[in-house]
Amino acid sequence: MLRVTALRMAKSTTLTLPALAGCRIALALATDLYDTLKHNHQLASPLTSYLNLQEGVFLFKNGVNPYSGGVFRHSPILLSLFTTVIPTSRRLASILWTLSDIAGAWALVQLWRARQRAPQTSRDGLVAAAYLLNPYLFLPTLALSSSTFENTLTLLSLMFAAQGNASLALVSAAILLHLSLPSILLSAPLILLLSSSNGPLSQLASPRAFTPNDKKWIALLGEYVAYAVFLSVISTLVSGGLSWIPQTWGANITLPDLTPNVGVWWYFFTEMFDHFRPFFLMVFSVHLIIYVAPLCIKFQYDPLYAAFVLLGVLGTFKAYPTMADIGLFASMFAVFPELFPYLRHPIVTILLHLHAALLMPLFHHLWLSQGTANANFFYATTLVFACANGAALTDCIWAGLRIAIGAPEEGFSVVQE
Amino acid sequence: MDRIRTRLRAIFRPEGDQSLLRLQRRRKLVSALTQRVDLIKWSFFLVGYLWMLALPSQQLGRGIYIDENALQPGQVNTYWNWGDVAAADRYLEQLEGLRDANASSHLRASTLAAEFMKLGIPASTQNYRFSSSVGTVEGTNAYAIISSPRTSGTEAMVISASWVSRIDEANGALNLRGVSTVLALAGFLKKYSLWAKDIVFVVSDGHMDGMQAWLNAYHGRTQSNLEADELELTSGVIWTALNIDYPGHSFSHLGIFHEGINGRLPNQDLLNSLTWIARWTVPVIIYDHLETPRLQIPSWMPNSLRDEIRTYDYRSRNVLRHVKHQARGRGSGVHGLFHQFRIDAFTMFALPATGPHGFHALGHIIESTLRTTNNLLERLHASIFFYILTASEHFLKIGSYLPSAIMISVAMMFSGLKVWSDSAWVMSSDEKGSTWIQRRRPVLPVLVIMFSTHILGCSVFALTKTSWFINNLKTSSAIILALCGTLPLSALFVPKQNPHTVAPMSQLLKALNLCFASTVISITTVVNFSLAATLAILLGIPLTVSLSSSLLPLRLGQYGAYLSLALGWLSAQEEIRSALWDWQILGVWFAPFVCIVYTPLVLQAAIACLLPV
């Protein structure tokens, strides 16, 4: 029975992505969930919300600098696109967002194929489904959160890097950097991936030292910086000044907007005395940075895996996360099936996620609509969510390292010294 | 000192390979737990169910208190007097005239509005019409607003009475004295300049429908099946509401009805204020339960035990009544509709009796309660929204009732995880002896089954919403029963797989079903504890005890038992009718919850019995 389905899947695999894409477009057209989801704090943060984007576009069109207030925190690139090329009709927007998701799914499938070094596999359809049917991803898309674009760009840059197309990978990464500052941390595994001799192939089972090619990675880094600087210059020209920097990038570090989100920062900083703020802002920001080097060193033989784990870290600990960030991490599991037999507690992680995913909207409703609960309830569930992500991360790191030791044998166990 | 240190060291950090010791320690702990997992599971079940039984006990919970200092209940002189009582009597005569003349809703409402206007209070009426598959309801509400003399009227409090009383499940007895109290209060309250909030008087038509239409219009919410006039007069944000229900000609006790729709409760401070204010004049009870002993307690029992039994008997009635109102999400009266707009409200029910109280006592208490809510500087907000009133002066905090349902859900989670981890291993015996071998656990087909049962639930719900379903309740329930009963039988034709390489689907389905049911229960506890407790009773042990067997009769028998648990509600036709009415008119999500969550969960357990072992 299963084998039959597998065979059928292999035949229909070329059709799965278009079919799912068609379903998604139909969903976007048939249901208009935007109005019910637009104020949902789990799906869009102040940095990615479509409401704020519309506000900024309106201000800009009326000759007011959108970055002079405290509302608009989108990149000038999005501002220029939405004021000129892309009309701000809702119907079109929902199609555009869905198309972005489809591009992301396509990139994920390409990434999977590149990792398998196969032009086509039987799991392609499953990988596409893991991205297109993931509620953590399609709900933010229906809410028109710009985190959808961030995910697509992340996947595109990883895909181009996996295919060895350095310039396109770095251009996507530079655009991504403009949409979301924390993605700068991803540049490390990305450059490692571009300069590694194995590319995206799974090396988890046979770790070996990475021989750095100084010239190459410095050139790649230079290229990345050049693109980023070029885009910054364009942004400055578009917005007519440097005021976009503190409003967009700066917001990730100074946390000016304490609107609740699924992350762990907002509540902590609402409770904090003002004179401790700078110190803890520094601690929280540095905390994100400290993961980069250890992950890149430990997984130097498989930089794609390091990027995957780092995406999980960012989705859990960055300043303004949405469901989409952790959704990307969850969907990327599909690219690493070699991991599954070595995960220690997948069902516990999934159940934690299930609890968090159901409790978050519930407590959000109890707190802000029904008025019977308070902020602590919602914060407690974001902590459950963070624990679920933490459990997934530690399990991933364990499994990623454990593969190298080989299949478990009767009478032996593996311990970490 | 050193000796103690070395001894401690020997215990906590013995000599030898630390990793090995840690490994052994972990092994020991894990095996100690896994060997006792059944014991743990059943003791969780036992403690959970016993805890539920203990909820009405005197030993749990505590006496009520006022948390919000601004309220200051009972600190004022009241001025309601016999003159006002006489006014109420005259209004009553007029209303009785309307009743005897069989006046239409519209005439009634315009007469009431005219009476308000005679008092110099701006008043108006509102026509409404609800259409649903169960039938259409229409009527006319009358309302009036006294503007606050002291503030700009950004906040308001509501005094309301519905035309139909809640007595006998609102089957048509009129709330004439409640309405005349509202009218007399309007004339009385207008004379005082101390109101810091607008006072809105609403006489709603029907029982629940009128107030739903009025509240929707007041808050500008549209409902697709409601045609209602817009309100001509509006006021500020409503913080509190009192609903008066006085169906008899005199009363002996004031009963508090507080459950709102969808399980929402009002802030307890509001109820406590009434209890506090009324305690020297009228005894306050909850619901219409009088503390009359029902049991003959044998005389040999010691007094303390006798007292415990008597209070347990009384409080258990209250708790069961609470569960009855809250679990179905219906709320216990008109006040329940206010809760959806974040307004704290309750119904004062004047328990019909031959005496001794009447308009005089009621007016005093309402006046004082209004003065109390008038003191509020912000919305009632302290977190005493989670409670169970076991008596008017005794309640259970969240910590003393929530764990009972949570424990059962934890026990279900443990059983699910045990089945899950057991399914990974199979004993294989050959000539060398028997060994445990690991096997695959394909989750995807199981998830597809679970998902399709929920889709089936959605389609059942879509079917129940049609008017055809309501009009032919007998045939349509038979069709639903046949549909849900035969579709899962296709599970019998799923081919059996080699149990040495692949875990049987029945086991995996049971594991995931238990885990999911446990999640649903523990999450529901915070929104609607009564519903969660009911689910814990209905699902807890039944989902856990299913036997996996290869005997076809046993499998079919279990399937039948689960099917009747899943679709037993089809036999309660009146219940279905009112649940559907509640969903369509008031937005109570009990009906969709049963169809989309509860029935599929039990169906999954039923399918697990049919799948090959």
Side-chain angles (χ1 to χ4, degrees), chain A residues 1-6 9 35 123 125-126 129-130 133 135 334 337 340-341 343-378 380-381 384 388 407-417, chain B residues 17-24 26-27 260 262-267 339-344 379-386 398 409 413 416-417 420-421 424 435-438 440-445 448 494-497 501-502 505 511-512 515-516 518-520 522-527:
Chain A
M1 174 76 183
L2 271 180
R3 191 161 298 161
V4 174
T5 19
M9 229 143 79
D35 278 324
R123 283 176 62 95
L126 215 59
L133 300 182
F340 299 162
L343 292 173
R344 281 184 300 181
H345 43 68
I347 187 142
V348 176
T349 312
I350 289 170
L351 285 171
L352 266 176
H353 254 291
L354 183 68
H355 277 89
L358 292 174
L359 275 176
M360 268 197 288
L362 187 69
F363 279 170
H364 189 266
H365 169 78
L366 286 189
W367 170 28
L368 292 165
S369 320
Q370 192 165 295
T372 51
N374 53 39
N376 300 324
F377 285 64
F378 182 65
T381 53
V384 175
E409 260 179 71
E410 190 65 41
F412 290 89
S413 348
V414 179
V415 273
Q416 199 175 3
E417 279 287 290
Chain B
D17 184 352
Q18 290 304 320
S19 301
L20 187 65
L21 286 171
R22 200 167 62 211
L23 206 65
Q24 284 167 343
R26 193 188 297 163
R27 277 263 165 92
N262 290 332
R264 210 266 203 189
L265 301 177
N267 194 300
H339 297 171
Q340 53 191 325
F341 299 100
R342 220 172 158 172
I343 302 163
D344 293 302
R379 233 190 248 274
L380 285 168
H381 61 275
S383 271
I384 44 176
F385 286 100
F386 301 97
I398 186 165
S409 118
M413 183 64 85
L417 289 176
W420 169 259
S421 58
T435 47
W436 286 102
I437 52 169
Q438 214 165 358
R440 289 193 306 119
R441 290 175 290 189
V443 182
L444 218 51
V448 170
V494 173
K496 197 176 159 137
Q497 282 170 328
T501 53
V502 184
M505 247 167 42
L512 296 189
C515 290
F516 187 48
S518 152
T519 311
V520 167
S522 52
I523 280 165
T524 320
T525 46
V526 282
V527 222

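Residue numbers begin at 1 in each chain, while the letters A, B, ... track the order of the sequences. When reading the values below, keep in mind they use all heavy atoms of this one structure, side chains included, and skip hydrogens, waters and symmetry mates.
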Engineer: Would you mind checking which part of Ser522(B) comes under 4.5 Å of any heavy atom in chain A, side chain (CB onward), backbone (N, CA, C, O), both or neither?
Structural biologist: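 The answer is the side chain of Ser522(B).
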Engineer: What part of Ile384(B) gets closer than 4.5 Å to chain A, counting heavy atoms only: side chain, backbone, both or neither?
Structural biologist: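 Nothing of Ile384(B), per the 4.5 Å heavy-atom cut-off to chain A.
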Engineer: Given heavy-atom pairs under 4.5 angstrom as the criterion, report whether the side chain, backbone, both or neither of Arg27(B) touches chain A.
Structural biologist: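 Just the side chain, heavy atoms under 4.5 Å.
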Engineer: Is it the backbone or the side chain of Phe341(B) that comes under 4.5 Å from a heavy atom of chain A, or both, or neither?
Structural biologist: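 Answer is neither: Phe341(B) stays 4.5 Å or more from chain A.
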Engineer: For the CZ atom of Phe363(A) and the CG atom of Asn374(A), what is their distance to the nearest 0.5 Å?
Structural biologist: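 Rounded to the nearest 0.5 Å, the CZ-CG separation comes out at 10.0 Å.
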Engineer: Give a yes or no on whether Arg26(B) atom CZ has more than 12 heavy-atom contacts from other residues, nucleotides or ligands under 6.0 Å away.
Structural biologist: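 Result for CZ/Arg26(B): open.
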Engineer: Give a yes-or-no answer on whether the side chains of Thr349(A) and His353(A) include a donor-acceptor pair shorter than 3.5 Å.
Structural biologist: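 The answer is no; no qualifying pair exists.
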Engineer: Is chain A contacted by the side chain of Leu380(B), its backbone, both, or neither, given a heavy-atom distance below 4.5 Å?
Structural biologist: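 For Leu380(B), there is no contact with chain A at all, as no heavy atom is under 4.5 Å.
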Engineer: Using the test side chain to side chain contact (heavy atoms under 4.5 Å, CB included), find all partners of Ala375(A) that sit at least two apart in sequence or belong to another chain.
Structural biologist: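 Checked Ala375(A) against side chain to side chain contact (heavy atoms under 4.5 Å, CB included); matches are Tyr267(A), Trp367(A).
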Engineer: Tell me, side chain or backbone of Ile523(B) under 4.5 Å from chain A's heavy atoms, or both, or neither?
Structural biologist: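 Contact with chain A: backbone and side chain both.
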Engineer: Counting C-beta onward and ignoring hydrogens, is there a side-chain heavy-atom pair between Arg264(B) and Thr372(A) closer than 4.5 Å?
Structural biologist: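 A side-chain contact under 4.5 Å exists here.
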Engineer: Of all of Val527(B), Thr519(B), Thr435(B), which one pairs up most often with chain A through heavy atoms under 4.5 Å apart?
Structural biologist: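 Ranked by contacts with chain A, first place is Thr519(B).
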Engineer: Check each atom of Leu444(B) against the heavy atoms of chain A and say whether the ones under 4.5 Å are side chain, backbone, both or neither.
Structural biologist: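 Just the side chain, heavy atoms under 4.5 Å.
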Engineer: Measure across Phe386(B) and Val526(B) and return the closest heavy-atom pair with its distance rounded to 0.1 Å.
Structural biologist: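 So the two residues come closest at CE2-O, 3.3 Å.
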